[in-house]
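Structure first, then comments.
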Amino acid sequence: MAKEKPSIPKGTRDFGPQEVAKRKYILNTIEKVFIKYGFMPIETPSMENLSTLTGKYGDEGDKLLFKVLNSGDYLKEITPEILTASNQQLTTKLISEKGLRYDLTVPFARYVVMNRNEIAFPFKRYQMQPVWRADRPQKGRYREFWQCDADVVGSDSLLNELDLIQIYAEVFKGLGVQVEIKINNRKILAGIAEVVKGAEHLQTIAVAIDKLDKIGEEGVSKELSALDFSDIEISSLFEIITTKGEDKEMLQSLKSKLQSSTEGLKGIEELEFVLNSLQQINKSVSLKIDFSLARGLSYYTGCIFEVAALEGTLKSSIGGGGRYDNLTGIFGLDGVSGVGISFGLDRIYDVLEELKLFPDDTQGSHTKVLFCYFDEASQAYALQGVTALRNVGIASQIYPDVVKKIGKQLDFANKLNIPFAAVAGTDEIAQQKFMLKDLNESKQELLSIEEMIERLKN
RNA sequence: GUGGUUUUAGCUCAGUUGGUUAGAGCGCCUGAUUGUGGUUCAGGAGGUCGUGGGUUCGAGCCCCAUAUUCCACCCCA
């Protein structure tokens, strides 16, 4: 028989008990805040129809979709003529009609449209589930990772943006991570595009200036001139986006520069509202205006957010979101605007791990007592003990196999970080007691079950 | 999708210009301790060197392919 070396697919990971405990700590922190702000949970399938997913994330996004091969005789429609290199897309279409979800926002939009009659709008939902992208793995990037999303649909109000920003602030405060929350507005970007070269160049400009942090002005202008932007257009672009100073001054000067664009002015107005309102209700949250923030996903239309950790080596964003006006429209439900944010669980985990910000009590085992014994008779006696403790809610377990060496059993308790061992032998049975051993203090006491419960309860 | 990088014992890694039976630390098992762990001491087990080809008298080491790790670009949580 050939031995097979076990392995898991590229970019996926197993999580041991300790890792799961830490991940749950993050999930719980996020979930509590979501609930506090009035969001309700939903879950959607791992697989969606490809027709639901394609075309929502731009060309790059479509390439990163994991596709699921059709069941049954998936080749029955495929003739040799179809199966040529130039027909790859058509072939894919014929043999695969499902794909793994790429994010939580698009499945949510699909859910809203399908359940529009049952939903009370505005609908505030949260969703914490894995998503998949066929990307090359690297630092902070996995092929399977979890997103934690909160979205509001069916409301145009900027109060939603305000709530979501506060959720970001509150969660990261709870986790003890210093972050920068950046905000911009797609309408401002549209206005900039309009003024610089024309509204149809929004996507190009957005993608280029998004890299400003990374490759600098020089890199961006190089990239734009390669894309047929004139020197005049490029310099006017930089004049607009590199506006410096206080938030109010920045917005004021932008206003004058975008005077000819009604959309741009609308974006500035929205941004001003969010900033001013936040200033009034919660001064402790600091938002940073960043006109170079663009965000790739093509469905955003209004405010956009991005969160990055201020400490640590992970430079990529650990959260992002924004307003999308037309997402449900694609599925046949117009006039429903939505806004949402996303937390990247795995990247947040990496940051907390690097900065050692996980609390000490996020350990794997919560067992308080391990029952140890020597033979069949004391096993039966220990079984009574473990049952009694469990009946009063004390997490305990019994070493399942009869081994002569008690040391082996104690060693097991040490490895699992179990603080107490209850030893049962002939002496203990005779006295109807257990030897309760404190494994951290190296002390032991002969106690009845009642006394043991009393001792362990606090 | 592009470029680079990694893979040797359960884990972390050595392995000289290609040359006999491939090493260390930690962990594991056994004993000192026939009812008591975390320390110490003594002994022991464990590897078809990621996989498949090739060059060579001879390959852990050179060549090709493939998988995988990590990293950068693209893009993104």
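Note on naming: letters A, B, ... go to the chains in the order of the sequence lines (proteins, then strands), and numbering restarts at 1 for each one.
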Identify whether any heavy atom of [X] sits under 4.0 Å from a base atom; if not, whether one sits that close to sugar-phosphate; answer base, sugar-phosphate or nothing.
| X | value |
| --- | --- |
| A:S317 | sugar-phosphate |
| A:S7 | nothing |
| A:K437 | base |
| A:G425 | base |
| A:G140 | base |
| A:Y142 | base |
| A:V207 | sugar-phosphate |

Inter-residue atom distance A:Q397.CD - A:L416.CG, 0.5 Å rounding |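 CG of A:L416 is found 6.0 Å from CD of A:Q397.
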Distance, nearest 0.5 Å, that separates CG of A:L189 from CD1 of A:I209 |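 Those atoms lie 5.0 Å apart.
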Between [atom2] on [N] and [atom1] on [X], what's the gap in Å once rounded to a whole number?
| X | N | atom1 | atom2 | value |
| --- | --- | --- | --- | --- |
| A:K182 | B:A77 | NZ | C1' | 14 Å |
| A:F412 | B:G27 | CZ | C1' | 17 Å |
| A:I418 | B:G37 | CD1 | C1' | 12 Å |
| A:D210 | B:C75 | CG | P | 8 Å |
| A:Y381 | B:G35 | OH | P | 19 Å |
| A:K139 | B:A72 | NZ | C1' | 12 Å |
| A:D103 | B:C75 | CG | P | 18 Å |
| A:R133 | B:C76 | CZ | C1' | 6 Å |

Among A:D350, A:L27, A:I30, find the one that has a side chain to side chain contact (heavy atoms under 4.5 Å, CB included) with A:L345.
-> A:L27
With ring centroids as reference points, do A:Y349 and A:F145 lie under 6.0 angstrom apart?
-> no
Secondary structure of RNA chain B in dot-bracket form (Watson-Crick or G-U wobble, distances below 3.5 Å, | marking inter-strand pairs) | ((((..(..((((.....[...)))).(((((.......))))).....(((((..]....))))))..))))....
Is the aromatic ring of A:F374 within stacking range of B:G35, meaning centres under 5.5 angstrom and planes under 30 degrees?
-> no
Residues [X] and [Y] bridged, charged N to O under 4.0 Å:
| X | Y | result |
| --- | --- | --- |
| A:E445 | A:R455 | yes |
| A:E263 | A:K187 | no |
| A:K433 | A:D427 | no |
| A:K98 | A:E48 | no |
| A:D346 | A:R13 | yes |
| A:R143 | A:D135 | no |
| A:E97 | A:K67 | no |

How are the rings of A:F34 and A:Y126 set to each other: parallel, tilted or perpendicular (split at 30° and 60°)?
-> tilted
Which word best sums up how the rings of A:Y300 and A:Y324 line up, parallel for under 30°, tilted for 30 to 60°, or perpendicular for over 60°?
-> tilted
Any residue of residues 427-434 of chain A with a heavy atom less than 4.0 Å from an atom of RNA chain B |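 The stretch gives A:D427, A:E428 as the residues lying under 4.0 Å from the strand, ordered by number.
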When the [atom1] atoms of [M] and [N] are compared, how many Å lie between them, rounded to an integer?
| N | M | atom1 | value |
| --- | --- | --- | --- |
| B:C63 | B:U17 | P | 15 Å |
| B:C61 | B:G54 | C1' | 15 Å |
| B:U12 | B:G52 | C1' | 28 Å |
| B:G60 | B:G50 | C1' | 12 Å |
| B:G35 | B:G47 | P | 34 Å |
| B:A77 | B:U6 | C1' | 26 Å |
| B:A59 | B:C76 | C1' | 43 Å |
| B:U69 | B:C75 | P | 24 Å |

Atom [atom1] of [X]: over 12 foreign heavy atoms under 6.0 Å:
| X | atom1 | value |
| --- | --- | --- |
| A:K222 | NZ | no |
| A:Q138 | CD | yes |
| A:E218 | CD | no |

Closest to the [X] side chain: [options]?
| X | options | value |
| --- | --- | --- |
| A:K211 | B:C76, B:A32, B:C75 | B:C75 |
| A:K405 | B:C75, B:A32, B:U36 | B:A32 |
| A:R295 | B:C28, B:A77, B:G35 | B:A77 |

Sort me out a list of protein N/O and nucleotides 65-69 of chain B N/O pairs below 3.5 Å, or just none if empty.
{"residue": "B:U69", "atom": "OP1", "partner": "A:G11", "partner atom": "N", "Å": "3.4"}

Could you run down the sub-3.5 Å N/O contacts of the protein with nucleotides 1-11 of chain B?
{"residue": "B:U2", "atom": "O4", "partner": "A:R136", "partner atom": "NH1", "Å": "2.4"}
{"residue": "B:G3", "atom": "O6", "partner": "A:R136", "partner atom": "NH1", "Å": "3.2"}

Do we get A:R133 above A:Y102's six-membered ring, with its NZ or CZ under 6.0 Å from the centre and within 45° of the axis?
->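 Judged by the rule, A:R133 and A:Y102 form a cation-pi pair.
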Taking the six-membered ring of A:F39, is the NZ or CZ of A:R125 close enough (under 6.0 Å from the centre) and on axis enough (within 45°)?
->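 That pair does not qualify as a cation-pi contact.
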If you find the nucleotide of RNA chain B closest to A:K408 and the one closest to A:E223, which residue's nucleotide is nearer the 5' end?
->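 On the 5' side of the pair lies A:K408.
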Does a distance-only test, which skips hydrogens and angles, find a donor-acceptor pair under 3.5 Å between the side chain of A:Q444 and the base of B:U36?
-> yes
Please produce a list of atom pairs where a protein N or O lies less than 3.5 Å from an N or O of nucleotides 38-45 of chain B.
{"residue": "B:G38", "atom": "O6", "partner": "A:S442", "partner atom": "OG", "Å": "2.0"}
{"residue": "B:G38", "atom": "N1", "partner": "A:L439", "partner atom": "O", "Å": "3.3"}
{"residue": "B:G38", "atom": "N1", "partner": "A:S442", "partner atom": "OG", "Å": "3.1"}
{"residue": "B:G38", "atom": "N2", "partner": "A:L439", "partner atom": "O", "Å": "3.0"}

Distance-only criterion, 3.5 Å: show the donor-acceptor pairs between side-chain atoms of residues 351-358 of chain A and protein atoms not counting sequence neighbours.
{"residue": "A:E353", "atom": "OE1", "partner": "A:K22", "partner atom": "NZ", "Å": "3.1"}
{"residue": "A:E354", "atom": "OE1", "partner": "A:T313", "partner atom": "N", "Å": "3.2"}
{"residue": "A:E354", "atom": "OE1", "partner": "A:T313", "partner atom": "OG1", "Å": "3.0"}
{"residue": "A:E354", "atom": "OE2", "partner": "A:T313", "partner atom": "N", "Å": "3.2"}
{"residue": "A:E354", "atom": "OE2", "partner": "A:T313", "partner atom": "OG1", "Å": "3.1"}

